[in-house]
Amino acid sequence: MKKHIIYLLVSVFTLLSNMALISCSDDDVADANDVLVVKSVLPIKVMEGQVVTIAGTGLEKATSVVFPGNVSVNNITKVGNGYISVITPAGISAEGGTVTIEADGESAESVMALTVGKPEPMRVAPLDKAIKINECMEVYGNDLEFITKAYFPGEDGKDIVVDASDFKRKATGSLYIYSPMGIKAGPAQVVLEDCSGKKYTLPEVTLSDEVVGGSGETGGEGYAPIWEGDVYIYDWANWQYLTSDQLSLEDIQIHEGLMIRLTFDNPDGASVCVCDANWGAPDIDGEGNNSVWIAAGTTELEFPISQGMAETLKAGGGIIVGGGNYTLKKIELFREYPTLWAGEYTTGWWWYLPASELDLSAITPEAGQTIRFTFTHHDAPQTFCLCDGWWGAPFIRDGGESDNNIVLAAGEDFLEFEISEGMAATMNGESETALIIGGDITITKIQIKTD
């Protein structure tokens with residue numbers, strides 16, 4: 001009997017001890033979640049009017065967010081457990097700095113520092129031909145990711161507004177904006193607007209009311225769907241393993257840096273994470289991370305694929321998508337025009353490009369097709385000269401010393417013109433030398449544009 005009583009007492013003490021430990025553990029977790037801590041701020045380059053999402057603990061009690069320059073915001077939105085968002089205010093310090101959260105006498109400072117964007121459109125293209133409806137006006141400059149609208153002059157005298165969600169491409173250095181229906185044909189100056197409401201008048205282009213092409217999804221250059229579905233990714237345990245059999249990669253030249261785009265339903269804000277089939281981590285937020293918080297209402301995520309992802313896809317591997325609180329609808333890859341040559345070559349006088357170095361597996365060059373030369377960025381004017389392999393001089397643009405010898409303006413990073421009969425013949429191997437290129441420019445890519 002004594003032995004049973006001792007056993008009972010030990011059991012009771014053990015139970016009480018476990019309850020105490022469990023209680024302490026739960027309290028510790030609760031206390032940890034209540035401590036005011038800033039874990040991340042996205043994005044880290046901001047400007048007035050932009051939504052900023054802050055992750056951490058204890059944020060539900062935040063009363064103000066203080067931006068660099070001691071500019072305080074009190075209108076705070078809770079977007080999920082451990083997440084708040086605010087609108088970047090006017091007047092923050094141009095030098096940037098950290099963000100501070102204030103709550104009931106407490107404060108917590110971000111580890112990462114914000115920088116301040118300053119949109120600067122510098123150049124538009126093309127200037128040598130009219131831009132037809134559904135064709136793209138291309139804008140180049142700095143911090144263009146903050147542009148939210150483009151205003152085209154309308155035929156009825158009112159501006160036609162194109163939202164950034166309808167741009168073909170939006171990146172920090174370039175915008176590709178489809179010319180919309182209803183435009184007024186003729187010389188025009190398109191106006192851009194950033195998220196703060198500031199407007200920028202672009203150099204004059206010529207608009208045409210002719211309609212060409214479509215979305216680019218069925219041919220030529222543009223985003224091509226490689227997967228479509230309707231998959232709800234509810235939390236981080238719900239990874240979606242999309243195998244190569246589920247992806248359509250025909251006619252897409254896969255390489256590092258090729259743009260990929262995810263489309264999804266996202267009414268409440270979501271975490272999105274992407275890996276290749278080998279759990280390689282591409283840079284999807286521009287800061288080296290493969291997961292990113294997406295604010296409510298944002299339905300697209302665009303980023304360049306990594307070398308690992310390119311190698312995995314070419315080897316027949318797939319894509320792994322995770323995160324939480326969104327419905328994945330579509331994955332697309334940017335299908336480029338066929339690339340005949342890619343690398344980095346500074347021409348000098350002269351570069352004899354052999355026909356054997358051209359990749360003609362996807363296309364046969366023909367007279368009248370449009371060829372596109374892409375160059376490294378240059379801040380000063382540079383020369384470019386082109387001959388076919390027989391020293392024939394194609395007409396590449398008005399201006400310069402001759403039809404095939406021109407000066408590229410500062411920042412003019414690509415050139416398009418029609419292939420001559422001589423170029424078509426020498427590129428197709430009737431001459432050992434396909435093209436003879438001169439000047440003082442560095443070429444990175446030669447492509448042929450297709451319909």
Neighbour count above 12 (heavy atom, 6.0 Å) for [X] [atom1]:
X	atom1	result
K118	NZ	no
M112	CE	yes
N75	CG	no
K39	NZ	no
K184	NZ	no

Checklist entry - With a 6.0 Å cut-off on ring centres, are Y178 and F152 close enough? => result no

Checklist entry - How about F384 and F375: are their ring centres within less than 6.0 Å of each other? => result yes

Next on the checklist: Apply side-chain hydrogen bond (donor to acceptor under 3.5 Å, both in side chains) to residues T88 and Q50 and explain how you reach the verdict.
Outcome noted: CA-CA 5 Å; T88 304; Q50 184 180 28; 4.8 Å; no

Checklist entry - Would you say D388's side chain and W390's backbone share a donor-acceptor pair under 3.5 angstrom? => result yes

Roughly how far apart are [X] [atom1] and [Y] [atom2], rounded to 0.5 Å?
X	Y	atom1	atom2	result
C385	I396	SG	CD1	6.5 Å
E421	T426	CD	OG1	12.0 Å
E302	I284	CD	CD1	12.5 Å
E48	I87	CD	CD1	10.5 Å

Not counting sequence neighbours, which residues clear side chain to side chain donor-acceptor pair (under 3.5 Å) with [X]? List them please.
X	answer
Q246	T243
T346	T442
D265	none
T312	N278

Nearest heavy-atom neighbours spanning [X] and [Y]:
X	Y	answer
A296	P267	CB-O, 3.4 Å
F264	L328	CB-CA, 4.1 Å
A150	L192	CB-CD2, 3.8 Å
D143	G117	OD2-CA, 3.4 Å
E138	F414	OE1-CZ, 2.9 Å
P43	V52	CD-CA, 4.5 Å

Checklist entry - What do the steps show when you test T299 against N266 for side-chain hydrogen bond (donor to acceptor under 3.5 Å, both in side chains), and what is the final call? => result CA-CA 6 Å; T299 59; N266 171 30; over 6 Å; no

Checklist entry - What residues form a side-chain contact (heavy atoms from CB on, under 4.5 Å) with E204, not counting sequence neighbours? => result P187, Q189

Checklist entry - What residues form a side-chain contact (heavy atoms from CB on, under 4.5 Å) with V124, not counting sequence neighbours? => result L127, V139, L202, P203, V205

Item to check | Pair R372 + E416: basic N to acidic O under 4.0 Å | outcome: yes

Next on the checklist: Given the ring of F373, does K445 sit roughly above its face, with NZ or CZ under 6.0 Å from the centre of the six-membered ring and within 45° of the axis?
Outcome noted: no

Next on the checklist: Whether R261 engages the ring of F334 as a cation-pi pair (distance to the six-membered ring centre under 6.0 angstrom, angle to the ring normal within 45°) should be assessed.
Outcome noted: no

Next on the checklist: Walk me through whether T444 and E344 qualify under side-chain hydrogen bond (donor to acceptor under 3.5 Å, both in side chains).
Outcome noted: CA-CA 5 Å; T444 59; E344 188 168 317; over 6 Å; no

